[in-house]
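One structure below.
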Amino acid sequence: MDSPPSDRVGPPDLSGDPAATPLLIACALGIEQVALRSGLQSGLTGRGGRSGDAGPVTVLRTGMGPKNAERATARALGTDRNRDAVVMASGFCAGLVPGMEPGDLIVAEETRGPHGPTPCTGTGLLVEALSRALPGRTVHTGPLTGSDHVVRGPERDALRATGAVAVDMESAATLLSALSAGSRPVAAVRVVVDAPEHELVRIGTVRGGISAFRVLRAVIPAFLEWHRSLLLPRR
């Protein structure tokens, strides 16, 4: 991969000064960035302009597709601000499991791409935090697979047969690029906007999109809680 070299050996020490450990939230689309930044601003306003005990938070728009996600993540992690950042891939996705609804949440146990699987950090913590932040919303866990195009019909069924619960174009590339720049906690949380019974080409797309936008705007408190939990001293 075309990622900047790292001279760090082993995972970063997250038990020191938590203010020195940033959180980088990567998304592909402008509308996703708007939702996440809106949620972040609301969260910081409620905390007096601070993210609690965690370090600075950046919402990065990478652009669509795995190559853009890879390049943008590598660039961001090459800066002094984000060199040691914890990385979260977020935004919208296509659900693969029958019965999923727009606005359902996906917490990846691993992301899957051409270079193999990437395990995610603190999946259980994220599920608990999201359940508190969005009571009543369904949270699905499992593999999140990558694609370089929008998935429809039979291809959706084929991906489901591999055990994946959802698909998007950027998460796998984002997390792989993040780990190529140095060991760090990584995770992926996506909001379903397109599901087997609610494909984007059908009537009701706008309503489903609004629901997903509102959910994405509300995930930030859970992300901050997860981030802080990673910084607690290990016993």
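Each residue takes its place number in the sequence, starting with 1.
- The salt bridge (Lys or Arg N to Asp or Glu O under 4.0 Å) pairs that include a residue from residues 111-121 are E110-R112, where partners are two or more places apart or lie in different chains.
- Under the 4.5 Å side-chain contact rule for hydrophobic residues, L36 and M64 share a cluster.
- By the side-chain hydrogen bond (donor to acceptor under 3.5 Å, both in side chains) test, N82 pairs with no residue at all, sequence neighbours left out.
- The two atoms that bring H115 and L176 nearest to each other are CD2-CD2, 3.5 Å, heavy atoms only.
- V192 pairs with exactly one of L105, D104, V215 by the side chain to side chain contact (heavy atoms under 4.5 Å, CB included) rule, that one being D104.
- Here the side chains of T141 and V165 are not in contact, with every heavy-atom distance at 4.5 Å or above.
- Distance alone, capped at 3.5 Å, places no donor-acceptor pair between the S90 side chain and the C27 backbone.
- Of the inter-residue distances, the one linking I25 atom CD1 with F223 atom CZ reads 6.0 Å to the nearest 0.5 angstrom.
- For S177 (side chain) and A173 (main-chain N/O), no donor-acceptor pair under 3.5 Å exists by modelled atom type.
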Practice task
Assess whether side-chain contact (heavy atoms from CB on, under 4.5 Å) is satisfied between R156 and D194, documenting all intermediate values.
Solution key: CA-CA 11 Å; R156 188 195 297 266; D194 178 42; 3.0 Å; yes
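- M100 contributes atom CE, which lies 7.5 Å from atom SG of C93 (distance to the nearest 0.5 angstrom).
- Nearest heavy atom pair, residue L216 against residue A35, reads CD2-CB, 3.9 Å.
- R81 contributes atom CZ, which lies 3.5 Å from atom OG1 of T58 (distance to the nearest 0.5 angstrom).
- Closest of all the heavy-atom pairs between A222 and L130 is CB-CD2, 3.5 Å.
- The two residues E170 and A28 come nearest to each other via the heavy atoms CD-CB, 3.4 Å.
- In this structure, the side chains of T145 and T162 stay at 4.5 Å or more apart for every pair of heavy atoms.
- Side chain of R61 to main chain of L29: no donor-acceptor pair is present (N/O by atom type, distance under 3.5 Å, no hydrogens or angles).
- Taking 4.5 Å as the limit, some side-chain heavy atom of W226 sits within range of a side-chain heavy atom of V86.
- Legend: residues meeting side-chain hydrogen bond (donor to acceptor under 3.5 Å, both in side chains) with T79, ordered by chain and number and at least two apart, are absent.
- Nearest heavy-atom pair, L96 versus A164, reported as atom, atom and distance to 0.1 Å: CD1-O, 3.7 Å.
- Applying the salt bridge (Lys or Arg N to Asp or Glu O under 4.0 Å) test to every pair with at least one member in residues 126-147, sequence neighbours left out, gives these pairs: R132-E225.
- With sequence neighbours excluded, the residues satisfying side chain to side chain contact (heavy atoms under 4.5 Å, CB included) with L179 are T118, R184, V186.
- Here the NE2 atom belonging to H227 is positioned 8.5 Å from the CG atom belonging to L224, to the nearest 0.5 angstrom.
- V150 and L144 fall into different hydrophobic clusters, where Ile, Leu, Val, Met, Phe, Trp and Tyr are joined by side-chain heavy atoms under 4.5 Å apart, directly or via other members.
- Proximity of E101 to T138: side-chain heavy atoms (C-beta onward) are nowhere separated by under 4.5 Å.
- The two residues P117 and P119 have their closest heavy-atom pair at O-CD, 3.9 Å.
- For the atom pair T21 OG1 and L230 CG, the distance stands at 9.5 Å (nearest 0.5 Å).
- In this structure, the separation between CG on L126 and CD1 on I106 is 13.0 Å, given to the nearest 0.5 Å.
- When the side-chain hydrogen bond (donor to acceptor under 3.5 Å, both in side chains) test is applied to S171, the partners found at least two apart in sequence or on another chain are D168, R190.
- In this structure, I31 places its CD1 atom where only 12 or fewer heavy-atom neighbours from other residues, nucleotides or ligands lie under 6.0 Å away.
- One finds no salt bridge joining D157 and R160 here, because no Lys/Arg side-chain nitrogen approaches an Asp/Glu carboxylate oxygen to under 4.0 Å.
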